[in-house]
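Data block below; observations after.
Below, all heavy atoms of this structure are taken into account, side chains as well, without hydrogens, waters or symmetry copies. In what follows, chains are A, B, ... by sequence order, proteins preceding strands, each numbered from 1.
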There are 2 protein chains.
Amino acid sequence: MSKITLGPMPYMSIMPTLLVGANVNGKPNYMTAAWSTVACMSPPMVCVAINKVRYTARGIEENETFSLNVPSANLATETDHCGLVSGAQEDKSAIFTSFFGSLRTAPMAMECPVNIECRLFKAVECGSHRLYIGEIIEIHADASCVTDGKPDLRKLDPLVYAQMAYWNVGAPAGKAFSVGKEYRKK
Amino acid sequence: MSKITLGPMPYMSIMPTLLVGANVNGKPNYMTAAWSTVACMSPPMVCVAINKVRYTARGIEENETFSLNVPSANLATETDHCGLVSGAQEDKSAIFTSFFGSLRTAPMAMECPVNIECRLFKAVECGSHRLYIGEIIEIHADASCVTDGKPDLRKLDPLVYAQMAYWNVGAPAGKAFSVGKEYRKK
């Protein structure tokens, strides 16, 4: 193996494709985002990095609530559209059917099979981006996409984001906390 | 579509499978992690959520450096093993061949085709977990996995983490900032 250096760049192997929902000036807005993950187990939290100049950032700070919505692969066109156009230029409130949970100000997209409703916990200044950490207040899901009380990957059909493209999830490659048991036997 | 509520839980649709490298008591240690993403574009940063009680957390705080290593699918056994066993119980320094970059204290796994070398920027207390935000100082990669100066998903063969399992990346599902242009025509 010969290693080379590529220089510092904002890189992650694979990321989730999501829509960040926020009310801006009282209207639902959805922004495509991939720089997101779980931030804490207890209490459950997620985080999402958003450029400070984004229209959506304004909404998150205005209401201190937001949502992360998981689009299925069949929503790739709508999802990508939300990344091409800013809410500052175009009203994106009609792209999805919005509904609200107990926080009342975090719009969620009915068409997305999973919706994570969040209350802002902290906004961390990183540079060009602010990392918004949100406590998960509720997870809403289409009943048809749930197995044993949890969102089911195969029913959801989420999009992987990597290298400026969307990808489907492929074949299973092993159970976690399990395949490693073979390590000793190698 | 009928929505149901699943209650708050630490959920994300899909996540990257990574190994967090840190020197603990002067020895390289690798921990499996999936709660990680990009945190900032400029300067480039990543973040990773780690339980406060983890052995790896100690190393990150000791040196204020860490690495994120991207294992290929053929390293699933070694990768999962690093999530089953704590460095407090077992010396994990020999599982991979460690090398160091300019930070000198962030061990990186030679066998992983991409290694992200980070300097700790901030540790955010969230609850059970601390969210470690690191500035990317350098990206090291196997020359054979790089196309046009960037890590190439197809050559890397990274593992997706979701639902307590590893998955391969599947078929392409559209170019980002592109497929959305069809939205108007629908």
Looking only at heavy atoms, what is the nearest atom pair of B/Met31 and B/Lys92, with distance? CA-NZ, 4.3 Å

Pick from A/Leu84, A/Val85, A/Val114 with the largest number of heavy-atom pairs that fall under 4.5 Å of chain B: A/Leu84

Report which part of B/Val48 has an atom under 4.5 Å of a heavy atom belonging to chain A: side chain, backbone, both, or neither. neither

Side chain / backbone / both / neither for A/Leu153 at chain B, heavy atoms under 4.5 Å: both

Engaged part of B/Cys145 at the chain A interface, taking heavy atoms whose separation is under 4.5 Å: neither

Tell me, side chain or backbone of B/Pro151 under 4.5 Å from chain A's heavy atoms, or both, or neither? both

Examine the side chains of A/Gln89 and A/Tyr55 and answer whether a donor and an acceptor come within less than 3.5 Å of each other. no

To the nearest 0.5 angstrom, please state how far the CG atom of B/Leu68 sits from the CE atom of B/Met108. 11.0 Å

For the side chain of A/Lys122 and the backbone of A/Tyr132, is there at least one donor-acceptor N/O pair under 3.5 Å apart? no

Distance only, no hydrogens: is a donor on one side chain within 3.5 Å (strictly under) of an acceptor on the other, for B/Thr65 and B/Asn63? no

Go through B/His140, B/Arg130, B/Gln163 and name the one with the most non-hydrogen pairs under 4.5 angstrom from chain A. B/Gln163

Looking only at side-chain N and O atoms, does A/Ser67 offer a donor or acceptor that is under 3.5 Å from a partner on A/Asn69? yes

Let's test your reading of the structure: which of A/Ala39, A/Ala173, A/Ala49 forms the most heavy-atom pairs below 4.5 Å with chain B? A/Ala173

Using heavy-atom distances under 4.5 Å, tell me whether B/Val160 contacts chain A through its side chain, its backbone, both, or neither. both

Check each atom of B/Val169 against the heavy atoms of chain A and say whether the ones under 4.5 Å are side chain, backbone, both or neither. both

Apply side-chain contact (heavy atoms from CB on, under 4.5 Å) to residues B/Ile95 and A/Tyr183 and explain how you reach the verdict. CA-CA 10 Å; B/Ile95 297 171; A/Tyr183 178 70; 3.4 Å; yes

Counting only heavy atoms closer than 4.5 Å, note whether B/Val38 contacts chain A via side chain, backbone, both or neither. both

Side chains of A/Thr147 and A/Lys155, donor plus acceptor under 3.5 Å: yes

Look at A/His129, A/Met12, A/His81 and state which one has the largest set of heavy-atom pairs under 4.5 Å with chain B. A/His81

Given B/Gly127, B/Pro158, B/Pro43, B/Ser42, the one with more heavy-atom pairs under 4.5 angstrom with chain A than any other is B/Ser42

Side chain, backbone, both or neither: which part of B/Met45 has an atom under 4.5 Å from a heavy atom of chain A? side chain

Checking heavy atoms, do the side chain of B/Ser36, its backbone, both or neither come under 4.5 Å from chain A? both

Judged by atom type as modelled, is there a donor-acceptor pair below 3.5 Å linking the side chain of A/Glu64 to the main-chain atoms of A/Arg119? no

Check whether B/Leu6 gets within reach of chain A through its side chain, its backbone, both or neither, counting any heavy atom under 4.5 Å. both

Whether the B/Glu138 and B/Ser102 side chains hold a donor-acceptor pair (N or O, under 3.5 Å, no angle test) is what I'd like checked. no

When A/Pro172, A/Ser13, A/Gly83 are compared by non-hydrogen pairs under 4.5 Å with chain B, the top option: A/Pro172

Using non-hydrogen atoms only, which part of B/Phe121 is less than 4.5 Å away from chain A: side chain, backbone, both, or neither? side chain

Kindly indicate, with the supporting measurements, whether the criterion side-chain contact (heavy atoms from CB on, under 4.5 Å) is fulfilled by A/Ile139 and A/Asn115. CA-CA 6 Å; A/Ile139 293 183; A/Asn115 318 90; over 6 Å; no

Pair count under 4.5 Å, heavy atoms only, with chain A: among B/Ala162, B/Cys47, B/Ala143, highest is B/Ala143

Among B/Val46, B/Ile4, B/Val179, B/Asn51, which residue has the highest count of heavy-atom pairs closer than 4.5 Å to chain A? B/Ile4

Any donor-acceptor N or O pair under 3.5 Å, side chains B/Tyr30, B/Ser98: yes

Which atoms of B/Ile133 approach chain A - backbone, side chain, both or neither, heavy atom under 4.5 Å: side chain

Please state whether the side chain, the backbone, both or neither of B/Ala73 comes within less than 4.5 Å of a heavy atom of chain A. neither

Against chain B, label A/Leu156 side chain, backbone, both or neither, depending on which of its atoms sit under 4.5 Å from a heavy atom there. side chain

What do the steps show when you test A/Leu159 against A/Tyr161 for side-chain contact (heavy atoms from CB on, under 4.5 Å), and what is the final call? CA-CA 6 Å; A/Leu159 289 164; A/Tyr161 182 76; over 6 Å; no

Between B/Gly149, B/Gly101, B/Cys82, B/Ala34, which shows the greatest number of heavy-atom pairs under 4.5 Å with chain A? B/Gly149

If we ignore hydrogens and angles and just use 3.5 Å, is the side chain of B/Asn168 paired with the main-chain N or O of B/Gly170 as donor and acceptor? no

Keeping the roles fixed (side chain from B/Thr5, backbone from B/Gly7), state whether a donor-acceptor pair exists under 3.5 Å. no

For chain A, which candidate among B/Ala76, B/Ser178, B/Ala165, B/Ala141 shows the most heavy-atom pairs at distances under 4.5 Å? B/Ala141

Contacts with chain A made by residues 15-27 of chain B (heavy-atom distance under 4.5 Å), listed by residue number: B/Met15, B/Pro16, B/Leu18

Can you tell me if A/Glu117 uses its side chain to pair, donor with acceptor, with the backbone of A/Leu103 under 3.5 Å? yes

side-chain contact (heavy atoms from CB on, under 4.5 Å) for A/Asp80 and A/Tyr166? Distances and angles first, verdict last. CA-CA 9 Å; A/Asp80 194 55; A/Tyr166 306 111; 2.6 Å; yes

Is the closest side-chain donor-acceptor distance between A/Ser144 and A/Asp142 under 3.5 Å? no

